[in-house]
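What you see is a predicted model, and the numbers here were worked out from it, not measured in a lab. Positions are given from 1, in the same order as the sequence printed here.
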Amino acid sequence: MTDADHALLALAAMHVGVPVAAISPAYSLMSKDFDKLKSMITLLAPGAIYVSGTKPFATALAAIKPLHSAKLVSGNAGDADAIAFASIAATPETSEVAKAFAAVTPDTIAKFLFTSGSTGAPKAVINTQRMLTSSQQAKAQTWSFLDSARQGLVILDWLPWSHTFGANHNFNLVLRNGGTLYIDGGKPAPGLFATSLANLRSVMPTVYFNVPRGFDMLIAALRGDDELRQKFFSEVKFAFYAGAALPQNLWEALEELSIKSVGRALPMVSAWGSTETSPLATDCHFQAERSGNIGVPIPGTELKLVPSGGKLEVRVRGPNVTPGYWKAPELTAQAFDAEGFYLIGDAVKFADPSRPERGLFFDGRVAEDFKLNSGTWVNVGTLRVAGIAALAPLAQDIVVTGHGGDEVRFLVFPNIAACRAHAGLAESASVGEVLVHEKVRATIASGLAKLKAPSGHSSGHATRALLLEEPASVDGGEITDKGYINQRAVLTRRAGAVAMLDDDHSAAWVACAE
């Protein structure tokens with residue numbers, strides 16, 4: 001959960017050298033089997049567990065009760081089955097606090113952040129005090145305006161503190177530089193984004209942070225609300241996207257709306273890294289010409305580019321990089337090369353090979369790319385972004401498949417609201433009715449043809465697409481609460497859907513229009 005009491009308790013613990021671990025509420029509130037939550041609790045062996053209230057988490061708390069001996073702390077003073085946070089906050093400080101704080105060093109573990117985990121149990125990434133402070137120092141040197149911004153920095157943020165983007169980047173940005181952080185109780189998900197919009201109408205940030213799915217939903221809202229659109233582009237100084245490449249059509253839509261509203265394009269910046277790099281490794285602190293530029297290495301951080309399968313695999317070394325995974329020495333050893341560079345698993349390419357200062361472009365996950373039978377490599381990351389743009393606004397996200405075959409195919413997580421509106425169906429229409437509607441299928445077919453036209457080769461487009469009726473699963477590791485699709489987990493869990501795409505006689509998939 002994300003609330004003020006949670007923040008105070010976490011900061012107090014880190015102040016005296018006690019590690020904290022924020023667990024995504026999805027593992028408690030959306031999960032059915034609680035297997036991942038159980039593995040996390042077993043690994044951490046916590047001394048205290050905080051919840052905003054015991055009632056919403058009652059089933060999850062019961063599931064993990066045999067696995068720990070922790071004290072239960074609740075933000076709700078009325079919960080008789082837990083210690084009230086208010087009573088902890090009112091406890092007088094003793095000299096032991098100063099003594100414990102004095103013992104904190106750069107190598108002291110500040111927190112554990114869990115990776116999503118495509119298969120098996122999520123890994124607990126060690127985050128030291130050095131990692132957190134060096135990351136923010138590098139950000140301050142990169143975003144030099146922060147020194148003068150101070151109280152002028154306003155952030156309205158929904159990103160969870162169980163993830164490095166929301167916690168180490170955004171929360172710590174205000175903690176280090178001053179300003180105001182407003183917690184947005186909404187998120188870019190059906191039924192919840194209305195809360196984010198209401199909050200945006202009340203509090204306009206100076207820097208707007210979001211993931212691509214959030215920008216997609218924001219653009220649709222801004223197009224239908226002249227007042228909000230004018231206020232947004234007048235008061236937001238720049239927008240920051242991270243976590244996944246922003247499809248170019250969303251970049252262009254934001255530029256178009258900005259120019260129409262205030263006569264100038266909204267500056268768009270980005271960065272790149274991972275939970276293991278706390279999270280910054282590169283920062284695009286300049287205005288790039290198009291989406292996808294992840295910038296240059298932050299101060300103090302080294303990148304090593306290693307040729308791999310026709311790409312440049314990137315590796316990271318610096319004070320911002322984790323020393324490893326908690327209680328997992330084998331995984332830790334596998335995560336670094338002989339020179340101590342973290343094997344992040346991504347590939348990059350230069351924006352301009354003759355001008356490295358112009359930044360790097362994210363070039364997909366090394367392990368996700370695959371070859372067709374022709375021997376042609378499929379760049380999954382690039383094709384995914386291009387596919388989402390070509391099928392906009394009907395595709396929420398795409399998983400690329402075709403491993404070992406002759407053609408590329410798409411598994412498509414549809415934007416049901418957009419599909420329903422496109423088909424002209426009532427709100428009561430079922431998902432099944434929406435996805436078989438001839439208008440929806442025809443537009444998907446046309447989108448595939450649009451993607452094919454400029455590609456010129458089999459690896460640059462998909463010949464078939466299957467619209468998935470079942471949304472991405474948290475229990476199955478297919479999606480995080482930031483809305484990111486886990487390619488590997490989806491392909492593993494939905495082997496039946498992949499087989500359906502390969503069945504020439506199936507009527508379920510949509511073919512590329514000729």
Donor-acceptor pair, side chain of [X] and main chain of [Y], under 3.5 angstrom:
X    : Y    : value
T301 : P297 : no
K231 : R201 : yes
T91  : I88  : yes
D79  : T54  : yes
T282 : I294 : yes
T322 : I126 : yes
K311 : D363 : yes
K327 : L43  : yes
E368 : N379 : no
Q487 : V400 : yes

For this session: Have a look at F240 and tell me which of F215, Y208, F165 forms a ring pair (Phe, Tyr, Trp, His ring centres under 6.0 Å) with it.
Result: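 One option only clears the test, and that one is F165.
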
For this session: Give a yes or no on whether the ring-centroid distance for F114 and Y27 is below 6.0 angstrom.
Result: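 Ring centres of Y27 and F114 not closer than 6.0 Å.
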
Side-chain contact, heavy-atom cut-off 4.5 Å: [X] with [Y]?
X    : Y    : result
I155 : F171 : no
L159 : V211 : yes
N210 : L218 : no
L175 : Q136 : no
V321 : F336 : yes
L228 : M204 : yes
S291 : M268 : no
S473 : R493 : yes

Exercise. Is a side-chain donor-acceptor pair under 3.5 Å present for Q137 with Q141?
Worked result: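 Present: a donor and an acceptor within the cut-off.
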
Exercise. Are a donor atom and an acceptor atom from the side chains of S274 and E276 found within less than 3.5 Å of each other?
Worked result: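 Their side chains do contain a donor-acceptor pair, which is all the 3.5 Å distance test asks for.
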
Closest approach of [X] and [Y], non-hydrogen atoms and distance?
X    : Y    : result
S162 : A22  : CB-O, 3.4 Å
S270 : N293 : CB-O, 3.9 Å
P66  : A62  : CD-O, 3.8 Å
I41  : P46  : O-CD, 3.6 Å
A77  : A84  : CA-CB, 4.1 Å
T206 : G152 : CG2-O, 3.2 Å

What's the separation between atom [atom1] in [X] and atom [atom2] in [Y], rounded to the nearest 0.5 Å?
X    : Y    : atom1 : atom2 : answer
L181 : L173 : CG    : CG    : 9.5 Å
L331 : K123 : CG    : NZ    : 6.0 Å
K237 : L153 : NZ    : CG    : 12.0 Å
L266 : Q287 : CG    : CD    : 8.5 Å
W272 : F362 : CH2   : CZ    : 8.5 Å
T128 : D107 : OG1   : CG    : 6.5 Å

For this session: Test T108 against M14 for side-chain contact (heavy atoms from CB on, under 4.5 Å), laying out the working first.
Result: CA-CA 9 Å; T108 298; M14 287 189 285; over 6 Å; no

Exercise. Going through the checks in order, is the side-chain contact (heavy atoms from CB on, under 4.5 Å) test met by L343 and E313?
Worked result: CA-CA 9 Å; L343 304 174; E313 178 194 346; 4.1 Å; yes

Problem set entry | Under the side-chain contact (heavy atoms from CB on, under 4.5 Å) test, residues paired with D184 that sit two or more places apart | L156, W158, T195, S196, N199

Parallel, tilted or perpendicular, judged at 30° and 60°: which one describes the rings of [X] and [Y]?
X    : Y    : value
F112 : W326 : tilted
F101 : H15  : parallel
F209 : W143 : parallel

For this session: For the pair L222 and F233, evaluate side-chain contact (heavy atoms from CB on, under 4.5 Å) and give the outcome as yes or no after the intermediate values.
Result: CA-CA 10 Å; L222 293 179; F233 290 111; 3.9 Å; yes

For this session: Can you run down the ring pair (Phe, Tyr, Trp, His ring centres under 6.0 Å) pairs that involve residues 62-87, sequence neighbours left out, and say none if there aren't any?
Result: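 Qualifying pairs: none.
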
For this session: Scan S278, P299, P279 and name whichever one has a side-chain contact (heavy atoms from CB on, under 4.5 Å) with N320.
Result: S278

Exercise. Quick one: salt bridge (Lys or Arg N to Asp or Glu O under 4.0 Å) pairs with a partner in residues 278-302, sequence neighbours left out?
Worked result: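 Residue pairs passing salt bridge (Lys or Arg N to Asp or Glu O under 4.0 Å), neighbours aside: K139-D283, E302-R317.
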
Problem set entry | side-chain contact (heavy atoms from CB on, under 4.5 Å) between D3 and Y50, intermediate numbers included | CA-CA 11 Å; D3 61 35; Y50 170 83; 3.3 Å; yes

For this session: Output yes when D33 and K38 qualify as a salt bridge under the 4.0 Å nitrogen-oxygen rule, no when they do not.
Result: no

